[in-house]
Amino acid sequence: MDPIYKPEVIEPAAQRYWDGARCFEASEDASREKFYCLCMFPYPSGRLHMGHVRNYTIGDVVSRYQRMQGKNVLQPMGWDAFGLPAENAAIKHGVPPAQWTRENIGHMRAQLRRLGFAYDWRRELATCDPEYYRWEQWFFLKLYEQGVVYKASSTVNWDPVDQTVLANEQVIDGRGWRSGAPVERREIPQWFLKITDYADQLLYDLDKLPGWPEQVRAMQANWIGRSEGVELDFELAEGPVAGYDALTVYTTRPDTLYGVTYMAVAAEHPLAVEAAEGNPALQEFLAECRAAHTTEAALETMEKRGLPLGLSVIHPLTGARVPVWVANFVLMGYGTGAVMAVPGHDRRDWEFATRYRLPIRQVIAPADGSEIDLCAGAFVDYGVLVNSDGFDGMSSAEAFEALAARLEGEGRGRRRVNYRLRDWSVSRQRYWGCPVPMINCPACGAVPVPEAQLPVRLPEDVTLSGVGSPLKAMDDFVRVDCPGCGGEARRETDTFDTFFESSWYYARYCSADQEEAMLDDRARYWLPVDQYIGGIEHAVLHLLYSRFFHKLMRDQGLVEGDEPFTNLLTQGMVLAESFYREDEKGGRTWFNPAEVETQHDRKGRVTSAILKDDGRPVALGGIGTMSKSKNNGADPQGLIDRYGADTVRLFTMFAAPPEQSLEWSDSGVEGSHRFMKRLWRMVHEHVAAGPAPALETLSLDEAQRELRRQLHATIAKVSDDIGRRYTFNTAIAAVMELLNALGRHAGEQPQDRALRQEAFEAVVLMLSPIVPHACHALWTELGREGAVVDQPWPGFDPDALVQEEVELVVQVQGKLRGRIRVARDAPEAVVREAALSEENVSRFIGDRPVRKLIIVPGRLVNIVV
RNA sequence: GCCCGGGUGGCGGAACUGGUAGACGCAGCGGACUCAAAAUCCGCCGAUGGCAACAUCGUGCGAGUUCGACUCUCGCCCCGGGCACCA
């Protein structure tokens, strides 16, 4: 055995073994319990970053642990390969997006292999491959048949120079991020998926996900935003306008109906548009509201403004005339685009009414009878009705029911459920994405591409100028005969939102090589995913869309079950210290932490830092996420080259529990490397002394029994930490402690060596999910047959945990005053006697009488005087 | 504003069901080995007082429950994340 730990030798060797023995190729086996472990697939941006390393190491540890538990484990990997960065890179470097993407995939795949992750690479997929996206086109057409897909006009951010649609993040201060041109709002026909039809299921099924973090479920519930209320009609006092004879509003507070003093409609509302005809002031206001939307200015600070429309409505209960205003805080996209304003009991209505001196009426009083002052602000809580005719004295809840019933009876209102969730617009006016499989015919309208013609392949040999989508100029792609009438038609040049691809990839891994169908029976075997792992940033969009897709696939008979991911782990971010220098103009130059040396005071507190290059000081920029702009990223590749994959894996698992953010520390990595070297050396010393004899548990002396007790206690703890708690950091700490104890145990008797053999074997087994390469080598060095990857997880020997004598802590008045050793099963009287006679304890008791004595078996004694 | 997290040594973190606060690691300090350095090994390492044994204080702040509170209850302060004119 090599006395020196050489990751550069043992890591490739272990990987060659796994590949040769096809260890991680998973196949369906009904006789074994399956475990599908999945990490969110990466966007092939070019190279792996620390977030990837952390994410995939967690998944790999879980997978390898479950494998040792005897489960049939599937852990696949693939590429979320469509998307905007490829187009930007293409424009910048003149490389086609397909080429750029595939080169990046090649590089990142090699990096993942270097880290030794236990993937079934046969199932690798890239969403930009026609073999993948053809099924997504096929599925889209199925949904179209089913009526889940529809086309509607919707507003987009349009860059008039680049002739392209911009995502919200690409609009900076109202201008296109690349062209700098003022962004326009355009109405463009787009494809939508009716996710709102599934809103209730998506909300209520959250209760079926106890294995998800509370936080993620809460975020999804908020995003769906279900509210119960009443929709009611206010008859227009001056007769029909713009084809309406009533103004319909939605409210969650029908109990405040008697407090309505005005109505407010959105700027885009037909009544406002109609009223603006021939009214320049109103027209100007509507135009301002439209412009304000595009800038996405801080809405919270936006002033509430509006103008009267010169219309009024009739209150359905009192018959009073109520004026109609247009207001900039009313959203056309929610409810009916109009609200009944109750300034006494709604903050926004109150602000608006105060500004424009509109009347404020109190109709709700606090349930506890306290006084309120509506001049100071609105009273928004539920309470008891006042000034509301026959409804006075009812609680808000009672009044909700009574008013809803009355309005429904009179045909002027109905109970309604509203959602914040909007239908999902899946069209993107972009090149690098999956083509929407539709054909636009002047005669027939939008016609689906016939199934036999799938896939609609995205032409990959393109040059991107940055102006418009290159697809529009490609006649070969665009010109097509209409499948309906045979006439000349144009192919749809929009592509799908990339969330479309990532919404079902987890299912496709099960049937990755299936050429005849989207999914097959194998998906029924593997799904749902038992453990899904990824970043919290996907808490809403990706994880909501995937849940939606799973229900769509279920309704098409493609999968079983209601939910795709049984357990979800959201890993924390990777943070690092940053350093900078400021020039005269206040501009900052950021230095990578690798180029900087920190200096500390005698306590070890960081006081300042200098640049290694010139020895002059740099400023501390604080801890934050690793980012390009702050130049504080640690490059995984450099660390792997220097320390090996195992050290990097060990550090990322040891530095913090997986859900918390992880602070990067180069010296922490050094520490992990030290541990690897130490483990290697200790095993080497043990092995170099020759084979160990068989362990005879009955002949161990006290020190040996104590060491063995610690060994088996550690096995029990590590099993629980990795298997149940997912606290890999404490599992590693426990193994470190065990190794420290082994180092202190000096004996060289045959049974000491036998015990050491047992301990090292257990350590290697326990660490093998985390540092698999070194453990692969050490298992063989310990003289064991077979590969550690095929070994079962170690069990603990309950007999080894039994102690004849235990140490008890003795407290007086709850404060620690001494320790005693007593037999494990010592009767209470003996424990009591031992505790009271302990020197320090008796000193503290003095001559005070003992009032009470509490014994917690195996732990402590507390004496109350 | 609403909804989630969180606040423990110089630092990352541990203490899982109320029962020894600070495991493990990093940094720091001291020592061994060495001509020297690196590597490695050993020891110390919350604050205050004390030669010491030990004592007092100490988990954001204030109260409470309890024999006993980092852990439970109430009130407050601060930090992070998400949503945010959603009627």
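Lettering follows sequence order; numbering is per chain, from 1.
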Any Lys/Arg nitrogen of A:Glu351 or A:Arg348 sitting under 4.0 Å from an Asp/Glu carboxylate oxygen of the other?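 Salt bridge between A:Glu351 and A:Arg348, a charged N being under 4.0 Å from a carboxylate O: no.
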Is the closest basic N to carboxylate O distance between A:Arg756 and A:Glu748 below 4.0 Å? yes
Summarise protein proximity over nucleotides 53-59 of chain B in one line of letters, 5' to 3': B for base, S for sugar-phosphate only, - for none, counting protein heavy atoms closer than 4.0 Å. --SSS--
Which value, in whole Å, describes the distance between the [atom1] atoms of nucleotides [N] and [M]?
N	M	atom1	answer
B:C67	B:G49	C1'	29 Å
B:G9	B:C4	P	27 Å
B:C11	B:U48	P	15 Å

Short side-chain donor-acceptor distance under 3.5 Å, A:Arg678 and A:Asn740: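 There is such a pair between these side chains.
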Using a cut-off of less than 4.0 Å, is there contact between a side-chain N or O of [X] and OP1 or OP2 of [N]?
X	N	answer
A:Arg678	B:A39	no
A:Arg420	B:A84	yes
A:Lys677	B:A39	no

Can you tell me the distance, in whole Å, between the CE atom of A:Met219 and the P atom of B:C4?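 Going from CE in A:Met219 over to P in B:C4 covers 13 Å.
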Check the interface with nucleotides 62-68 of chain B: list each N/O to N/O pair with the protein under 3.5 Å, or write none.
from  : atom 1 : to       : atom 2 : distance (Å)
B:C67 : O2'    : A:Asn862 : ND2    : 3.4
B:C67 : O2     : A:Asn862 : ND2    : 2.4

With syn defined as a glycosidic angle within 90° of 0 and anti as the rest, where does B:G64 land? anti
Using Watson-Crick or G-U wobble pairs with both distances under 3.5 Å, give me RNA chain B in dot-bracket, 5' to 3', with [ ] for crossers and | for pairs to another strand. (((((((..(((......[....))).(((((.......))))).((((....))))..(((((..]....))))))))))))....
